[in-house]
Amino acid sequence: MAEAERIIGTPDTPGAGPGPEQRDVRGTDGTDGTDGAGRADTAADTAADVGASAARPRRRRVAVLFAVAAFAYALDLVSKLLVVAKLEHHRPIEIVGDWLKFEAIRNAGAAFGFGEAFTVIFTVIAAAVIVVIARLARKLYSLPWAIALGLLLGGALGNLTDRIFRSPGVFEGAVVDFIAPKHFAVFNLADSAIVCGGILIVLLSFRGLDPDGTVHKD
């Protein structure tokens with residue numbers, strides 16, 4: 001009997017299976033569990049790399065925005081300091097005959113002398129423009145938009161500085177204007193930056209370019 005059992009073989013017992021060295025450890029998806037964890041880590045690393053690489057262009061555009069704004073603001077501030085120190089209460093300086101002069105004027109209104117009775121309102125508008133530009137910077141990926149918004153920001157800050165710190169009082173200060181073309185209103189460099197930034201924004205909008213870098217066609 002023993003010899004027959006040895007020759008025929010004994011049937012497998014219930015629950016019997018390969019030893020630990022023969023077991024194939026599998027994950028829930030039918031693959032090696034350690035491989036699944038490794039792929040998950042790799043996917044997370046890849047997503048992090050993609051997010052970091054996408055944030056870098058935005059940071060560069062924001063840097064351009066603030067660099068342009070700082071340049072426009074500094075140029076406007078220095079020009080006004082020179083005008084107040086050297087030109088105010090003096091005869092105008094002719095640059096191109098009668099066609100272009102430098103003449104110091106205190107303007108309580110908006111750009112080009114409009115609306116002198118609404119100085120406080122224009123101050124609030126300038127502050128609101130600065131806040132809106134700061135919010136737009138969070139989704140800024142377009143270089144032309146960065147330049148345009150930088151011009152707007154620098155110009156708004158330049159005139160807002162006059163509104164706050166110049167006489168007759170806080171938020172009612174008169175803006176220093178000095179560029180006086182013939183048959184045209186007197187303005188300053190901050191006004192010029194605002195107008196140039198606004199024109200650039202209009203052109204970008206006509207081309208369908210959004211601040212986030214996408215292009216749409218109506």
Original post:
Which is it for V170 and F165 under the side chain to side chain contact (heavy atoms under 4.5 Å, CB included) test, yes or no, and what are the steps along the way?
Top reply: CA-CA 6 Å; V170 178; F165 295 106; over 6 Å; no
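- Considering all non-hydrogen atoms of both residues, S79 and L189 come closest at OG-CD1, 3.7 Å.
- In this structure the side chain of F187 reaches within 4.5 angstrom of the side chain of P181, judged on heavy atoms.
- Contact check for P92 versus F102: no side-chain heavy atoms found under the 4.5 Å cut-off.
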Original post:
Are W145 and S205 close enough, and set up right, to give a side chain to side chain contact (heavy atoms under 4.5 Å, CB included), and what steps lead you there?
Top reply: CA-CA 10 Å; W145 269 95; S205 299; 4.2 Å; yes
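- Taking every heavy atom of both residues into account, A190 and G155 meet most closely at CB-O, 3.5 Å.
- Within the 4.5 Å cutoff, the side chain of V84 has heavy atoms near those of the R166 side chain.
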Original post:
Would L209 and L203 satisfy side chain to side chain contact (heavy atoms under 4.5 Å, CB included), going step by step from the backbone distance to the final call?
Top reply: CA-CA 9 Å; L209 180 62; L203 294 176; over 6 Å; no
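- Under the 4.5 Å side-chain heavy-atom criterion for Ile, Leu, Val, Met, Phe, Trp and Tyr, V202 and L151 are members of distinct hydrophobic clusters.
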Using a 3.5 Å cut-off and no angle test, enumerate the donor-acceptor pairs between side-chain atoms of residues 61-74 and protein atoms at least two apart in sequence or in another chain.
| unit_1 | atom_1 | unit_2 | atom_2 | d |
| --- | --- | --- | --- | --- |
| R61 | NE | Y141 | O | 3.3 |
| Y73 | OH | T161 | OG1 | 3.0 |

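- Residue I201 comes nearest to A148 through the heavy atom pair CG1-CB, 3.7 Å, listed as atom of the first residue, atom of the second, then distance.
- Put simply, the residue from I179, I194, V175 that forms a side chain to side chain contact (heavy atoms under 4.5 Å, CB included) with N188 is V175.
- Side-chain atoms of L77 and L157, non-hydrogen and from C-beta on, never get closer than 4.5 Å to each other.
- The closest donor-acceptor contact from the side chain of D210 to the backbone of D212 lies at 3.5 Å or more, if one exists at all.
- Of all the heavy atoms in A174 and P168, the pair that sits closest is N-CD, 4.1 Å.
- L140 contributes atom CG, which lies 12.0 Å from atom CZ of R60 (distance to the nearest 0.5 angstrom).
- Two residues are said to be in side-chain contact when any heavy atoms from C-beta on lie closer than 4.5 Å; L81 and V176 fail this criterion.
- Screening residues 76-89 for salt bridge (charged side-chain N to carboxylate O under 4.0 Å, His left out), with sequence neighbours left out, gives D76-K80, K80-D162, E88-R106.
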**OP:** Give the intermediate values and the outcome of side chain to side chain contact (heavy atoms under 4.5 Å, CB included) for residues I105 and E103.
**Re:** CA-CA 6 Å; I105 299 292; E103 180 180 4; 4.1 Å; yes
